[in-house]
Amino acid sequence: MKVRKAVFPVAGLGTRFLPATKAQPKVMLPLVDKPIIHYVVDEAVASGVEDIIFVTGRGQVAIENYFDISFELEQFLRSKNKTDELEQVSGISNLINSCYVRQKEALGLGHAIMQVRHLIGNEPFAVFLGDDVIDSEEPCMQQMLAIYERYKCSVVALERVEKSQTSSYGIVEAKEIDSRLFKLDGMVEKPDPEDAPSDLAIIGRYILTPEIFDILERTEPGKGGEIQLTDAICALLQRQAVYGYLFDGIRHDTGDKLGFLKATVEFALARDDIGSQFRDYLKTVKL
Ligand code: UTP
């Protein structure tokens, strides 16, 4: 069955980015002039996903408004003959079919995914974590969909991390079966370096089979008292194969202050309009 729907769980509280995230969603922070979430939606669209379900929390209406029509703004731009800006703004509301589900309490990523069961039904689906922005020639999700097409099993995106970083990620135990492709035997959520089964970390892209929902319903709160998606994928592994794909591209963790700053610099330097001026400016910065 084709993967048609994507879930964007964006209801986390963004504690690593306080106070900026006190009154706005972290995925609405801009990388240069475009909110982080827009880059991730672009990846979904470029990968051929048709419908996006956002799981939001309180105080996140800015996301909904961003992907909706902005009637007054469009009228204003039209009246001033600002056609480029008008095209840009109206293009965003035509980008995707979207719907919004509330997660009433931030009880974990696994809990957020459970909220969309009735909208997904019995289909495989993609999950995008909005703070992982991936710069790649072929969209990361498109690379993963090719693996799904081959095996019709769940697929998680993998990245090699420094051993010292394992305690920030879900780390997999896996056998390499093809170039960049791994069959998972298990996984550990945020292990200390000495307990990590590998240096392969799960990052924010998943394709999941619908069997995950029954498992999530029975998953007890794990690390941090939250219902962890990793725990559910670990249980899924006992029933069916799960693959990991070492995607080709560069991931920016924009939910982290340093990751956000690095992404801002990289994206600004790559821009046609301001890139070269920004490069010249950086050369003048005293380090
Ligand atoms: P994170 O672990 O990054 O948590 O969530 P967070 O709250 O967003 O950020 P920090 O760590 O406190 O700074 C991973 C993903 O799961 C979503 C988040 O929005 C993020 O995309 N999430 C997390 C939910 O949708 N609901 C939750 O209850 C928890």
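Each ligand, and each atom within it, is numbered from 1 in the order the structure gives. Since the structure is predicted, the reported quantities are computational estimates derived from the model, not experimental observations.
- Here the heavy atom of the protein found nearest to atom 23 (C) of ligand 1 is G12 CA, 3.8 Å.
- For ligand 1, the atoms lying closer than 4.0 Å to a non-hydrogen atom of K26 are 3 (O), 6 (P), 8 (O), 9 (O).
- Side-chain atoms of E189 and T230 include a donor-acceptor pair closer than 3.5 Å.
- Within 4.0 Å of atom 3 (O) of ligand 1, at least one protein heavy atom is present.
- When hydrogens are left out, the protein atom nearest atom 20 (C) of ligand 1 is P9 O, 3.8 Å; that is the closest non-hydrogen contact.
- Using a 4.0 Å cutoff on heavy atoms, E226 does not count as a contact of ligand 1.
- Looking only at protein heavy atoms, the nearest one to atom 14 (C) of ligand 1 is L129 CD1, 4.1 Å.
- For ligand 1, the atoms sitting less than 4.0 Å from at least one non-hydrogen atom of A112 are 24 (C), 25 (O), 26 (N), numbered in the order shown with element in parentheses.
- At least one N/O-N/O distance between G14 and ligand 1 falls below 3.5 Å.
- The pair D51-K5 does not count as a salt bridge, with every side-chain nitrogen at least 4.0 angstrom from each carboxylate oxygen.
- Between Y206 and F125, a ring centre-to-centre spacing not shorter than 6.0 Å is recorded.
- In the vicinity of A106, heavy-atom distances shorter than 4.0 Å reach the ligand 1 atoms 28 (O).
- Ranking the protein heavy atoms by distance from atom 12 (O) of ligand 1 puts T15 OG1, 2.5 Å first.
- Regarding atom 28 (O) of ligand 1, its nearest protein heavy-atom neighbour is G108 N, 2.8 Å.
- Of all atoms in ligand 1, listed by their number and element, those nearer than 4.0 Å to a heavy atom of D131 are 3 (O).
- Residues E173 and S198 bring no donor and acceptor atom of their side chains to less than 3.5 Å of each other.
- A distance below 6.0 Å separates the ring centres of F260 and F17.
- Using modelled atom types and a 3.5 Å distance limit, the side chains of E226 and H111 yield no donor-acceptor pair.
- Close approach to L107 involves these atoms of ligand 1, each under 4.0 Å from a residue heavy atom: 28 (O).
- Remark: minimum distance from atom 16 (O) of ligand 1 to any protein heavy atom is reached at L109 CD1, 3.5 Å.
- Under the 4.0 angstrom criterion for non-hydrogen atoms, Q103 is in contact with ligand 1.
- When only non-hydrogen protein atoms are considered, atom 13 (O) of ligand 1 lies nearest to R16 N, 2.7 Å.
- Between the side chain of E123 and the main chain of V3, no donor-acceptor pair closer than 3.5 Å is present.
- A salt bridge links D199 with R160: the closest approach of a Lys/Arg side-chain nitrogen to an acidic carboxylate oxygen falls below 4.0 angstrom.
- Of the protein's heavy atoms, L13 N, 2.8 Å lies nearest to atom 7 (O) of ligand 1.
- Atom CG of L158 sits about 11.0 Å away from atom CZ of R180, to the nearest 0.5 Å.
- Each of D131, T21, T254 was checked for a side chain to side chain donor-acceptor pair (under 3.5 Å) with K26, and the lone residue meeting it is D131.
- Defined by atom type and a distance below 3.5 Å, a donor-acceptor pair is missing between the side-chain atoms of S164 and E162.
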